J.: 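One structure coming up, written as structure tokens, with questions to follow.
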Amino acid sequence: MIQAELFAHGVAAHGLAVSNPASGAVIATVRSWSAAEVEALVPVVDMAGRAWTARTAKDRAVILRRWFDLMLAHKDALAAICTAECGKPLAESAGEVVYAAGFIEWYAEEGKRIYGEITPTFAPDKRVLTLTQGIGTTAAITPWNFPIAMITRKVGPALAAGCPMILKPAEATPLCALALEYLALQAGLPENLFRVVPTNDPVGVGKLLCSHPVIRKLSFTGSTAVGKLLLEQCAGTVKRTSMELGGNAPFIVFDDADLDKAIDGIMVAKFRNAGQTCVCANRILVQDGIYDAFLARFVRRVAALRLGDGADPETQIGPLIDRRAVAKVRSLIDGAVAEGASLATGGVSHPAGENFVAPTILTGVTPDMDIARSEIFGPVASVIRFATEAEAVAIANDTPYGLAAYIYASGMARIWRVMEQLEYGIIGVNEGVISTEVAPFGGMKESGLGREGSRHGITDYLELKYVLLGGIAA
Ligand code: ADP
């Protein structure tokens, strides 16, 4: 019963058409919200939030926990929706559901542990208190590449802290967001605390969410260019912002790396979700001494990857999200070849369909090439050769981005030195998959502001209120 409703929630005769990137076929049409309709929704959500804040943290936790349970109970259905609208292989979609649910579970627990402080006083007749309170009504704008997890890591801490949320999902992937909203209601979340507003007017709705004075915080995951625009728009109401933006992750393989581990690591760090994640390895830096052995193994593994519709259980690499994404990746490959890089495997098109790009390795890439300076967001590995540790660190840090970096090495001294010098918010040491709800995820420099996940992820939804209590003297 729930299964059918999960697919049907929010579906409408007219509005925003959702298509399957593997086939191009339209799979559903959902209601598209106008900016005026979202404006009318804000006071309704704000009112619901007032009642929610007044409840105990434990009350809120019980409902969040039920939402977590329901997500896991409907893992296969959510995964099928995710693959249908965003293209990733089913196994990755199922993994995303578990990862996404983890944020709801984590913040159900963490919401009970938001503490205040009493500071030793500066005067005998006064007491210094610090209260932590929810920030108020919040908004979020999320991308299509993790259409479930990028939502739960925002709405989990918001609701746990007592804050309601209006969520604008990406145009390509509203179905996962609507399914989450449906399950939240089934879990007993009161109405209007979490409202999903798909729209084919992201600019207009985005402006409204950024400028509305009742909304006290905006959390965004997406490109750095759009993040900068939203920051400007939020300045007018001095809104609190969290920004998870683009990356240009270096994946550094030193001579003393365990080759098997490095190859396994790069396969997931590069090719997960067909390379469409902000923590995907973007520049693969390989030291002289291990270069030939690494490249030979890497090429063999990449050439054997199976491309296809993500719904086929055999598929390892699905399509890119749309034709625009394919054109961008293709132009980066062509540009790199024109600048002197060589194709070690792959190329551009693939018979599976027009949204597919064959997994590709480019060698002879240099740090100044466009492909080394841009976020590729596709199944294309660009390999840069280096000689010394200092050179690797300099190349790695020579970017305005600072989200994730990976190091493969065995010497502890080198691992410590390099890890400390890298200007990145997340570092994988001999690990290619770093995402988990228990750790703080976020970037330095132009990769973002704030952290999501862990005990730190809830602080962005909290205000500190200092109270000076006077007249205590006897
Ligand atoms: P991507 O290139 O990965 O699609 P974007 O940053 O363009 O990344 O999109 C991420 C999210 O930002 C999506 O939900 C999209 O609708 C939204 N978005 C894009 N442009 C704007 C804008 N001008 N105002 C508000 N939201 C926007």
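Remember, predicted model here, so these are calculated numbers, not experimental data.
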J.: For Lys239 and Thr237, does a side-chain donor sit closer than 3.5 Å to a side-chain acceptor?
T.: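 Yes, a side-chain donor-acceptor pair sits under 3.5 Å.
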J.: For the pair Thr399 (side chain) and Tyr401 (backbone), establish whether a donor and an acceptor sit closer than 3.5 Å, ignoring hydrogens and angles.
T.: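 Yes, Thr399 side chain to Tyr401 backbone: donor-acceptor pair under 3.5 Å.
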J.: To the closest 0.5 Å, what do you measure between OH (Tyr107) and CD (Glu437)?
T.: 9.0 Å
J.: How far apart are the closest heavy atoms of Ala40 and Pro43, and which atoms are they?
T.: O-CD, 3.4 Å
J.: Are the side chain of Arg113 and the backbone of Glu109 linked by a donor-acceptor contact shorter than 3.5 Å?
T.: yes
J.: Would you confirm whether Asn20, through its side chain, and Ala22, through its main-chain N or O, come within 3.5 Å as a donor-acceptor pair?
T.: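 Yes: the side chain of Asn20 pairs with the backbone of Ala22.
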J.: Output yes when a side-chain donor or acceptor of Arg451 lies under 3.5 Å from a complementary backbone atom of Gly443, and no otherwise.
T.: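 Looks like yes, one N/O pair under 3.5 Å.
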J.: Looking at Lys270 and Val380, would you say the former's side chain and the latter's main chain have a donor-acceptor pair under 3.5 Å?
T.: yes
J.: For a quick test of your reading: what N or O donor-acceptor pairs under 3.5 Å do the side chains of residues 135-150 make, sequence neighbours left out?
T.:
| from | atom 1 | to | atom 2 | distance (Å) |
| --- | --- | --- | --- | --- |
| Thr137 | OG1 | Asp46 | OD1 | 2.6 |
| Thr138 | OG1 | Pro164 | O | 2.7 |
| Asn145 | ND2 | Gln276 | O | 3.1 |

J.: Report yes or no: does Gln233 contribute a side-chain atom to a donor-acceptor pair with the main-chain N or O of Cys210 at less than 3.5 Å?
T.: no
J.: Measure centre to centre between the rings of Trp52 and Phe194, then say whether the value is under 6.0 Å.
T.: no
J.: To the nearest 0.5 Å, what is the distance between CG (Leu403) and OG1 (Thr224)?
T.: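 Answer for the CG-OG1 pair, Leu403 versus Thr224, is 9.0 Å.
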J.: Does anything in residues 307-316 form a side chain to side chain donor-acceptor pair (under 3.5 Å)? List the pairs, not counting sequence neighbours.
T.: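 Those involving residues 307-316 do not exist here.
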J.: Kindly indicate, with the supporting measurements, whether the criterion ring pair (Phe, Tyr, Trp, His ring centres under 6.0 Å) is fulfilled by Phe68 and Phe103.
T.: CA-CA 8 Å; Phe68 161 76; Phe103 287 100; over 10 Å; no
J.: How about Phe441 and Glu244: do any of their side-chain heavy atoms sit closer than 4.5 Å?
T.: yes
J.: For the pair Trp67 and Leu183, evaluate side chain to side chain contact (heavy atoms under 4.5 Å, CB included) and give the outcome as yes or no after the intermediate values.
T.: CA-CA 6 Å; Trp67 191 11; Leu183 289 181; 3.8 Å; yes
J.: When you measure from the side chain of Ser382 to the backbone of Val365, do you find a donor-acceptor pair of N or O atoms at a distance under 3.5 Å?
T.: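 Not a single qualifying donor-acceptor pair exists.
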J.: Please report the C-alpha distance between Leu167 and Val197 in whole Å, then the side-chain angles of each, then the deciding distance to 0.1 Å, and finally whether the side chain to side chain contact (heavy atoms under 4.5 Å, CB included) criterion is met.
T.: CA-CA 6 Å; Leu167 170 88; Val197 293; over 6 Å; no
J.: Are the side chains of Tyr406 and Pro250 in touch, meaning some heavy atoms are under 4.5 Å apart?
T.: no
J.: Search all heavy atoms of Gly24 against all heavy atoms of Ser19 and return the closest pair with its distance.
T.: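 Scanning both residues completely, I find the closest heavy atoms to be O-CB, 3.8 Å.
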J.: Looking only at heavy atoms, what is the nearest atom pair of Ala249 and Cys280, with distance?
T.: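 Heavy atoms only, the tightest pair is CB-O, 3.4 Å.
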J.: Would you say Met165 and Val155 make side-chain contact, with heavy atoms under 4.5 Å?
T.: yes
J.: Is there a side-chain contact between Arg301 and Asp264 (heavy atoms, below 4.5 Å)?
T.: yes
J.: How far apart are the closest heavy atoms of Pro319 and Gly87, and which atoms are they?
T.: CD-O, 3.4 Å
J.: With side chain to side chain donor-acceptor pair (under 3.5 Å) as the rule and sequence neighbours excluded, what pairs involving residues 148-177 come up?
T.: Tyr99-Arg153, Arg153-Glu452, Lys154-Ser219, Lys154-Thr221, Lys154-Glu452
J.: Could you give the distance from CG (Asn282) to OG (Ser374), rounded to the nearest 0.5 Å?
T.: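 Result: 8.0 Å between the selected atoms.
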J.: Test: salt bridge (charged side-chain N to carboxylate O under 4.0 Å, His left out). Region: residues 209-222. Which pairs qualify, not counting sequence neighbours?
T.: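 Passing the test, one end in residues 209-222: Lys217-Asp460.
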J.: What are the two closest non-hydrogen atoms of Ala35 and Leu208, and how far apart are they?
T.: O-CG, 3.8 Å
J.: If the condition is salt bridge (Lys or Arg N to Asp or Glu O under 4.0 Å), which residues does Glu463 pass it with, not counting sequence neighbours?
T.: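 Glu463 satisfies salt bridge (Lys or Arg N to Asp or Glu O under 4.0 Å) with Arg240 only.
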J.: Measuring only between side-chain heavy atoms, which start at C-beta, is Phe298 closer than 4.5 Å to Ile266?
T.: yes
J.: Roughly how far, to the nearest 0.5 Å, is CD1 of Ile81 from CG of Leu180?
T.: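 Here the interatomic distance stands at 9.0 Å.
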J.: Are the side chains of Leu343 and Leu362 in contact, using a 4.5 Å heavy-atom criterion?
T.: yes
J.: Give, for atom CD1 of Ile427 and atom CG of Leu422, the distance between the pair rounded to the nearest 0.5 Å.
T.: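 Ile427 CD1 to Leu422 CG: 4.5 Å, rounded to 0.5 Å.
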J.: Using 4.0 Å as the upper bound for N to carboxylate O, is an ion pair formed by Arg65 and Asp69?
T.: yes
J.: Carefully, step by step, assess Lys228 and Glu446 under the rule salt bridge (charged side-chain N to carboxylate O under 4.0 Å, His left out).
T.: CA-CA 9 Å; Lys228 287 178 180 178; Glu446 292 185 20; 2.9 Å; yes
J.: Main chain of Gly450, side chain of Ser242: is a donor-acceptor contact present, judged purely on distance under 3.5 Å?
T.: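 No; zero donor-acceptor contacts below 3.5 Å.
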J.: Given Val357, which of Leu307, Ile317, Val326 fulfils the side chain to side chain contact (heavy atoms under 4.5 Å, CB included) condition?
T.: Val326
J.: What is the minimum heavy-atom distance between Gly156 and Leu64, and which atoms define it?
T.: O-CD1, 4.2 Å
J.: Walk me through whether Glu39 and His212 qualify under side chain to side chain donor-acceptor pair (under 3.5 Å).
T.: CA-CA 8 Å; Glu39 187 172 16; His212 200 296; 5.0 Å; no
J.: Tell me whether the centres of the aromatic rings in Phe251 and Tyr408 are closer together than 6.0 Å.
T.: yes
J.: What I'd like to find out is whether the side chain of Thr132 reaches to under 4.5 Å of the side chain of Glu117, using heavy atoms alone.
T.: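 Side-chain contact under 4.5 Å: no.
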J.: Has Thr360 got a side-chain atom pairing as donor or acceptor with Ala358's backbone, closer than 3.5 angstrom?
T.: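 Yes, because the side chain of Thr360 sits within donor-acceptor range (under 3.5 Å) of the backbone of Ala358.
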J.: Return the CG to CZ distance between Leu193 and Arg60, rounded to the nearest 0.5 Å.
T.: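 CZ of Arg60 is found 10.0 Å from CG of Leu193.
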J.: Are the side chains of Ile376 and Lys328 in contact, using a 4.5 Å heavy-atom criterion?
T.: no
J.: For Arg55, does the CZ atom sit with more than 12 other heavy atoms under 6.0 Å from it, leaving out its own atoms?
T.: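 For Arg55, atom CZ is crowded (more than 12 foreign heavy atoms under 6.0 Å).
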J.: If you count every heavy atom of other residues, nucleotides or ligands that lies below 6.0 Å from Lys112 atom NZ, does the total exceed 12?
T.: yes
J.: Near Glu191 CD, under 6.0 Å, is it more than 12 heavy atoms from other residues, nucleotides or ligands?
T.: no
J.: For Arg31, what residues pass the salt bridge (Lys or Arg N to Asp or Glu O under 4.0 Å) criterion, not counting sequence neighbours?
T.: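 Partners of Arg31 under the salt bridge (Lys or Arg N to Asp or Glu O under 4.0 Å) test: Glu37.
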J.: Look at the side chain of Ser454 and the backbone N and O of His456, then say whether any donor-acceptor pair between them is shorter than 3.5 Å.
T.: yes
J.: Got more than 12 heavy atoms from elsewhere within 6.0 Å of NZ, Lys445?
T.: yes
J.: Applying side chain to side chain donor-acceptor pair (under 3.5 Å), run through Asn355 and Arg323 and close with a yes or a no.
T.: CA-CA 6 Å; Asn355 285 346; Arg323 253 180 278 175; 4.8 Å; no
